[in-house]
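The next block holds one structure in the form of structure tokens; read it before the comments.
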Amino acid sequence: MMSTTALTPEEAARFNRTMDPTEELIGGALNPMAGTVPVSLISVADVEAFLVPQDGAALVEYGVHATVNHVEPRSLARWVRDIVGDTALADELDAIVADEEPYGKQVPRLKLALADRLAEYKAVLDPEGTGED
Amino acid sequence: MADNDKKEPAGPAVKESAEMSRRQFLTGVGGAGIGLVLGGVLVKGFLLPDEVFAVPASDGYLLVDTKKCSGCTTCMMACSLAHTGEVNLSLARIQVVQDSFGAFPNDIEIAQCRQCPYPACVDACPTGANHVDTKHGNVRTIDASKCIGCERCVEACPFTPSRVQWNFEEKHSQKCDLCADTPFWDEKGGPDGKRACETLCSMRAISFTREIPRQNEDGYNVDLRGPSWDAFGFSGAGGASGGH
Amino acid sequence: MANGYAGKILKVDLSTKSIEEIPTEKYESWGGGHGMGSAIFWDLCKDKTVKGDDPGNVITLMTSPLSGTPAPSVAGRTEVQAIGLQGYPVGWYTRSNFGGRFSSHLKYAGWDGVVVLGKADKPVWINVVNDKVTIEDATGLWGLDTRETQEEIWATVNDTAEVGDWRGLGTSRDAGRSTQRPAVVTIGPNAEKYMPMASLVHDAGNGAGQGGMGGVFASKNLKAISVLGTGGVSIADPNALLAAREWAYQFAYPGHADEPMSAIGMFPFSANPNSAVGNYAAGVSSRPQGCVGCIRTCRGRTSTGQGNESNCLDFIWYDVHDKAVHGGKITSATAQAADSLQRYGINSFAMEAVMLWFAALRKQGLIGPGREIDSSLPFEAWGTAQFAEALCNSVATQTDVGADLALGVAQCAKKWGRLEKDLKSGILPLQEWGYAHHYDARTEVEWGYGSIMGERDINEHDFNWVVYWTPTICGLYGVEPIVSAERLSQIIAKKGAPYNDPMMADYSDEGIYSEGMAKTVAYHRHYTRFWKESTLYCDWAWADFVNPYGPDYEGITGEGEPKFFNAVTGKNLTYEEGIEIGRKIWNLDRAVWILQGRHRDMEVFADYNYEVGAVPGTTTYEAPYTVPVYEKGVWSYKSVAGRKLDRQKVEDWKTKFYALEGWDTSSGWPTRATLEELGLGNVADALEQAGKLGAA
């Protein structure tokens, strides 16, 4: 949970928006067969869905069919701050990045931070939980 | 030949053509160390036997897991190479039949000899060429020097494709002998040794048992999958997703 | 003679309808596969400067002595060579390769290869049943897709498309019997209209896509080749072959099935069985399925029958787009997209580049209805099976943007006036020769260098597993690789004959321009030309440098390749001698390229490689990229993501490489001395006659 002042509906809508393609964050799907395939991410929800926590054992199991979805964490934090505009979320991501853990260990934390923030957007935009946001 | 003796052409999947009633009958008396061979049963269909003779059961049986099979046909290549010195799918005593476009698990069938307790192929042979080899664990095999090429054993096998083949290069019948006689492989074979198909199967989809399997498809097509097969959504009894 | 060879090569001239036999013995010194193919091409293609669609082009589909044998992960590959149609600016003499069972059946039918010359006056297919070869009318097949074509041919050859029972191949009971279907390699519907994009397809998912080999078939009015054999491959030492395969299992899954590999990383020979399970929708179960004799089973057959035997780029050209519009989840769209490609017979690598390019163009508002690139493709359905099918269909029917894509991707970009600028910015990811960016030339340089010194994206993962994947994956998950960078350099030195230099493993900013890297690339070109492309060891299992089961983690490469080759052939060829034959083949190929116009000045990467780092925000995102480096006297693994290439240093490296190869450093052309040392004096004569022999 963010430790900042409450989100306004306007902020939540802005942070939760689907951006113009020119504002994208590019991630990479690392796959042994194809090299790295760039993936365009244009919303916080996109990034949250793209990040897949997995451990090394999963990679062994899937072998050459393993895919690692990679977003450079610092770029992600910068993108959230500069493009999305959600400084509270960016601060939280920066704090995770600052721990300098291996990427695989950062992913669950990054994903959780994004998911929590998405839930907050939703709570503000759809307080009754009607699903009509 | 009576209508009910015809072997059905198999689709992508290999089909058993032996009549259900016969199999039920045989299963009912199965499990003994001595099998009863119904003389001429394939000709006579549902009729009760006119003559009965006894042969000792084989000391071993090949089991397969068709779901685990990768379709690489190494078993076929190993079989023909060990027995004949050349790699020849048409001379392999185990056949893997597959449909590249088929849906799993019906895209592959493995046709291995069942070493039947009641070997119709042995029974059908007029010269004793197709016989029970008592020196090599009672495997059902063929003495090529006695084979006159009538192919009755090929026809008698109740399964499709026939587990007894016409060796069109050497002009005699041949069948699986559990590698009792492999002139081109230095390993000791037979029930007390190694089998080339089983040894070289890279998926470990072929195994060997000394117990007479249940005389139906499930008796010979078993679950050899371990937990690592969970990843593919069809792990065996040892895996979390169960044997489906 | 029991030596693995069938003994004869099928030569079909479609112009004259002549069917002849070439004694394999004449080309046996080349080993098989690519070596034989190049030597035959050299002899039979009279004018090597013709375009790929010229009737004078010669296409070879070659096997090896190991084809159709139980040597591990080699028996199923078929090597295809011809003057290509995909390359840009020149459709170089090129190669592709496909798996499955075609090569095995060709051997069982009694042939070591098929060579096709000329052009038929109407659509035909070639029917091979053992010794009997006929040229059949393909008028009724020409518009069919690859699956329909195969089903028709199966029914024709076998009287039914069904399989399962023994079928006689003739009226005599001794004519041979088989339970198997004919192995058919075919092209898509009316492929003469999209030749540079057209692949060869065999069974459900085996394709030879790169180079436009399907286009070469189409240009000859050749729809398909079908083979069914009931003969055998005679083995020099059957017991040694059987024993060798069992021996190899200590390095592979079958020897450790009870406790499969747990080491983090990507390993070839030792990998656990896989279907392409990550590419199927949730709930789809799948069988790991392998080509003939494979220990590695890299693709699958599925419970839906969708995506059968497809693999690799067949899925990856579309999976990221599927996931992007489906909440990060794979749906059936990815497998259906693979099936669309396979059925139309379209090159998946080319289509991957198209999708990335179109995504970038869409972002800029440049493509769509009424846009600069006017297209009515259903872009609103991007990421669904509908869009994949529509895009493939547009190429196959030359409608909408497909009318231009049918010319080839680079050729299409040129027509649209976008080639130069989109290569410069990198939004059109074609790394060299008009081939799609695959592995990054800036970071994993042996891949890029090998590709510009050759004629296509090399697509050879030998070093890739150990210098990139394993250290990168381990870095991402905080795990130490099973071998240190220093140990890796020792293993590469041991395997990297004849140079055997640990500095071959140095991918540092200095190392990539060094003599050591010249040796790496030379070794790699020579090793693959013989052991991978001529004896046809599969790229997914070989080379095996690092192996979690091997002694001190050393892989099977070096010992394994000749062990199987010698058991089958009865020869006593060493690993190093094989590599030397590879050097000879590599020089012969280069001579063809030189006749086609190759000069060192042309051997450069697309501009983006020199101008843009592979960093987040680029179409060729390549972060992270962790590789072995030797810096300040110490070996370590280090990320080199974001690196650009320095033009002058690349040129300096080329000079080192040409010198190492014995080529003229100003032109990149082989010298007479080099060619004669390899027994290619006649090739030197031809180059001299063309005024293209390198100066001594």
Side-chain angles (χ1 to χ4, degrees), chain B residues 7 9-15 67-74 77-78 80-82 84-91 95 97-105 107-109 111 151 160-162 165-166 168-169 171 184-187 196 199-204 226 228 231-234 244, chain C residues 2 68-70 72 101 108 147 160 162-166 173-180 203-204 230-235 238-239 241-243 245-246 249 252-254 257-258 260 272-273 275 277 283-295 297 300-305 308-309:
Chain B
K7 296 183 182 185
V14 179
K15 294 172 185 166
K67 287 185 178 175
K68 205 180 180 195
C69 172
S70 76
C72 75
T73 64
T74 297
M77 297 191 287
S80 57
L81 185 56
T84 70
E86 68 172 36
V87 185
N88 187 330
L89 299 188
S90 294
L91 297 182
Q95 291 285 316
V97 177
Q98 54 193 321
D99 178 1
S100 170
F101 293 103
F104 168 82
D107 57 317
I108 287 185
E109 289 292 341
E151 291 195 65
T160 302
S162 174
Q165 301 109 36
W166 177 242
F168 48 85
E169 293 197 342
K171 323 297 183 202
F184 298 92
W185 193 34
D186 290 351
E187 300 285 350
T199 304
L200 294 198
C201 174
S202 63
M203 301 301 277
R204 299 297 182 225
S228 64
F232 308 111
F234 63 100
H244 54 85
Chain C
T69 78
R101 31 184 210 105
Y108 301 144
R147 177 172 178 171
T160 165
E162 292 188 339
V163 290
D165 204 355
W166 291 101
R173 74 173 183 174
D174 295 333
R177 299 175 189 183
S178 179
T179 62
Q180 308 290 301
D203 279 348
T230 59
V233 179
S234 291
I235 306 297
N239 182 62
L241 178 58
L242 290 162
R245 181 160 176 130
E246 200 179 351
Y249 282 177
Y253 168 81
D258 296 334
N272 299 335
S275 72
V277 64
V284 174
S285 47
S286 57
R287 166 200 310 287
Q289 199 274 331
C291 299
V292 171
C294 190
I295 58 160
T297 59
R301 293 206 195 106
T302 69
S303 51
T304 60
N308 272 11
E309 299 180 8

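Numbered from 1 within each chain, the chains take letters A, B, ... in sequence-line order.
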Measuring heavy-atom distances to chain B, does C:Glu309 have an atom under 4.5 Å in its side chain, in its backbone, in both, or in neither? side chain
Do the charged groups of C:Arg177 and B:Glu151 touch, with an N to O distance under 4.0 Å? yes
Exam field: side chain B:Asn88 to backbone C:Thr230, donor-acceptor pair closer than 3.5 Å: yes
By a 4.5 Å heavy-atom criterion (distance strictly below it), what part of C:Pro288 contacts chain B: side chain, backbone, both, or neither? both
Proximity breakdown for B:Cys201 and chain C, heavy-atom pairs closer than 4.5 Å: backbone
Pair C:Ile235-B:Glu86, side chain to side chain contact (heavy atoms under 4.5 Å, CB included): steps then yes or no: CA-CA 6 Å; C:Ile235 306 297; B:Glu86 68 172 36; 5.8 Å; no
Donor-acceptor pair, distance only, cut-off 3.5 Å: does the side chain of C:Tyr249 make one with the backbone of B:Leu200? yes
Between C:Val277 and chain B, which part of the residue has a heavy atom less than 4.5 Å away: side chain, backbone, both or neither? side chain
For C:Thr304, is it the side chain, the backbone, both or neither that has a heavy atom under 4.5 Å from a heavy atom of chain B? backbone
Please state whether the side chain, the backbone, both or neither of B:Ala196 comes within less than 4.5 Å of a heavy atom of chain C. neither
Check: B:Trp185 and C:Pro238 side chains under 4.5 Å, non-hydrogen atoms: no
CA sep, side-chain torsions, deciding dist, call: B:Ser70, C:Arg287, side chain to side chain contact (heavy atoms under 4.5 Å, CB included): CA-CA 7 Å; B:Ser70 76; C:Arg287 166 200 310 287; 5.7 Å; no
Under a 4.5 Å heavy-atom cutoff, which of B:Cys72, B:Pro105, B:Ala78 has the most pairs with chain C? B:Cys72
Hey, does the side chain of C:Asn239 reach the backbone of B:Asp186 with a donor-acceptor pair shorter than 3.5 angstrom? yes
The side-chain contact (heavy atoms from CB on, under 4.5 Å) partner of B:Ser202 among C:Pro72, C:Pro254, C:Pro70, C:Cys294 is C:Pro254
When heavy-atom pairs shorter than 4.5 Å are enumerated against chain B, which of C:Thr179, C:Thr69, C:Ile295, C:Asp174 gives the highest number? C:Asp174
Among the listed options C:Gly232, C:Ala175, C:Gly305, the residue most often paired with chain B at heavy-atom distances under 4.5 Å: C:Gly232
C:Arg301 vs B:Ile108, test: side chain to side chain contact (heavy atoms under 4.5 Å, CB included). Steps then yes/no. CA-CA 10 Å; C:Arg301 293 206 195 106; B:Ile108 287 185; 3.5 Å; yes
Does any non-hydrogen side-chain atom of B:Thr73 lie less than 4.5 Å from one of C:Arg101? no
Taking C-beta and beyond as the side chain, do C:Asp258 and B:Arg204 meet within less than 4.5 Å on heavy atoms? no
What option among C:Ser178, C:Pro273, C:Ala257, C:Ala252 has the most heavy-atom pairs under 4.5 Å with chain B? C:Pro273
Heavy-atom contact with chain B under 4.5 Å, split by part of C:Gln289: both
One pair to check against side chain to side chain contact (heavy atoms under 4.5 Å, CB included): B:Phe101 and C:Asp203. What are the steps and the verdict? CA-CA 8 Å; B:Phe101 293 103; C:Asp203 279 348; 5.6 Å; no
Which residue out of C:Val284, C:Leu242, C:Leu241 racks up the most heavy-atom pairs below 4.5 Å with chain B? C:Leu242
Any idea which of C:Ser234, C:Ser275, C:Ser303 has the most non-hydrogen atom pairs under 4.5 angstrom with chain B? C:Ser303
Tell me, do C:Trp166 and B:Thr160 make a side-chain contact under 4.5 Å, heavy atoms counted? no
Name the region of C:Thr297, side chain, backbone, both or neither, that has any atom closer than 4.5 Å to a heavy atom of chain B. side chain
